[in-house]
Number of protein chains: 2
Amino acid sequence: MSVEDAPVRFDQILMEPAYRKVAAAIGERILSRSLREGERLPPETELARQFGVNRSTVREALRELESGGLVKRRPGSKLMSVSRPQHDAIAEGVSRALVMHDVTFLEVWEALTIIEPPIAEAAARTRTAEDLAGITAAAERFAAQNAATERAVHYAAEFFRSVGRATHNQVLGLAQEPLLQLLEPSLRVMIDKVPQARSRIATAQKRIAEALQARDVDGARSWMTKHIRDFRKGYEIAKIDLELRVTAD
Amino acid sequence: MSVEDAPVRFDQILMEPAYRKVAAAIGERILSRSLREGERLPPETELARQFGVNRSTVREALRELESGGLVKRRPGSKLMSVSRPQHDAIAEGVSRALVMHDVTFLEVWEALTIIEPPIAEAAARTRTAEDLAGITAAAERFAAQNAATERAVHYAAEFFRSVGRATHNQVLGLAQEPLLQLLEPSLRVMIDKVPQARSRIATAQKRIAEALQARDVDGARSWMTKHIRDFRKGYEIAKIDLELRVTAD
DNA sequence: ATCGTATGATTGTCGGACAAACCGGCAACT
DNA sequence: AGTTGCCGGTTTGTCCGACAATCATACGAT
């Protein structure tokens, strides 16, 4: 082999602007728990002084952290404080990503068929009395909403959320949230177009809640499976094309 | 009932700063496909002129969109262009959120036991020849890495990713990504401490790949189940406390 | 004890400024 | 022909200084 064989290669040099370095520096301190939850950040001018950059630069960094949910302004306060990202905010980012990637209803539905039954199963094992109260409350609120579509959709999603919370597994709760967000718009259409949808959903919710109460693992799982499968039937009856791309809110 | 019964209530008035309005305006145009993927945004000065705000305000809005992955700067270009959020970037946000919420290894592992087997099952149905090639390649690369821990961990995660891709369901692929990110650090420790871990992982990967090749739905699922269960055993042997909080990267 | 006010701190937004980097084209050179 | 050097225009990254509006706090008035 001659020395010429391998062409000279260099790694791409990465220039990180100051605002991203500042954001990374603050973010790392938050992630490492060096800055604790709820703790207030110094004012922008002070941060600018400490980092040796301009206040504008600090502000750009703060916007980045803010949209990641690592810092937020507590209502009625000017100073930023460290926060744990809220599930719905994080999920919204995921939802937007999925929308941008042309995800179809079918994909969302398929994901639901995969994760919801095991969630119900886990919830049957771990639910507390309090969890159960929340779940039945959501089911009852859905059943009571015979008129308002908007609220019915909301409580249908809320039912899933309360079951997710009952697993006491935050990963699962967060994983299902984007799916629910993407489900809602189509559910709105479906409930309006399919008369029998409401009663079928209400029945499934009731059966699931009963199984959870009885700690009936298999029952919870199989009723949840039915519940999800019903959605697909509803889509077909409502003639919603499953290959259609989901839309944001 | 006297008229005094219901206390006067007002909804909280929400003041949205200009930078967030600008970000929302641009973001909406992107989500609605009015601005197409890859299209370049006008320069900051022009945006400032159009929105009637200062350039600094536009910049703060851009930072927000940027960290959401909706816009990014293409390498070697100054103008921002519309982009679809990359999976790993989105997943990193989710991972950070989970870390901040004190998620434990047990929760991550439990989530893996729930979503990975169905993913393997789905992959057995939908995988193409190309998918299969990627999966076996990842498995072979893992098996070949008998020395370097870092790479072994990487290819162990890459194996999951390639199986996820084989489902051709983007929702599932994106849902598993944060789990893999959180798994990696602990996997690093585990592989180092448990001598037999490598061979057990390699075997499981091989069996899963074979099942996928044969389109053996049940085999793929059950071997994936074993594969995940093995991780837990590994944790216990390595004496990694499952109640420990996961850490970021 | 509640309310009104004064004071200081902090943010949101603005205007202007400048160096560095990038782009396109054109001239010069090998 | 292909490479190199240079030029002018554009755009970003960063800085500086400024000001009104809002919030925290203390203090005094009712």
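Residue numbers begin at 1 in each chain, while the letters A, B, ... track the order of the sequences.
- As rounded to whole Å, 19 Å separates atom P of D:dG9 from atom CG of B:L79.
- Between B:R188 and B:E150 there is a salt bridge, since at least one side-chain N of the basic residue sits less than 4.0 Å from a carboxylate O of the acidic one.
- Classification of the B:H87-A:H101 ring pair by plane angle, with boundaries at 30° and 60°, yields perpendicular.
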### Message
Return a single string for nucleotides 13-22 of chain D, one symbol per nucleotide in 5' to 3' order, where B is base contact, S is sugar-phosphate-only contact and - is none, cutoff 4.0 angstrom on heavy atoms.
### Response
BBBB-B---B
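- Ion pairing between A:E16 and A:K21 fails under the 4.0 Å rule for side-chain N and carboxylate O.
- When the C1' atom of C:dT13 is taken as reference, atom NZ of B:K21 falls 13 Å away, rounded to whole Å.
- Judged as a side-chain hydrogen bond (donor to acceptor under 3.5 Å, both in side chains), and not counting sequence neighbours, B:R151 has no contacts.
- Partners of B:E28 by salt bridge (Lys or Arg N to Asp or Glu O under 4.0 Å), not counting sequence neighbours: none found.
- Remark: P of C:dT10 and CG of A:L62 are 14 Å apart, rounded to the nearest angstrom.
- The distance from atom CZ of A:R74 to atom C1' of D:dC23 is 14 Å, rounded to the nearest whole Å.
- No salt bridge links B:R40 with B:E46; every basic N to acidic carboxylate O contact stays at or beyond 4.0 Å.
- Between the C1' atom of D:dT12 and the CD atom of B:E46 lies a distance of 15 Å, rounded to the nearest Å.
- When rounded to the nearest whole Å, the span between NZ of B:K72 and P of D:dT12 equals 17 Å.
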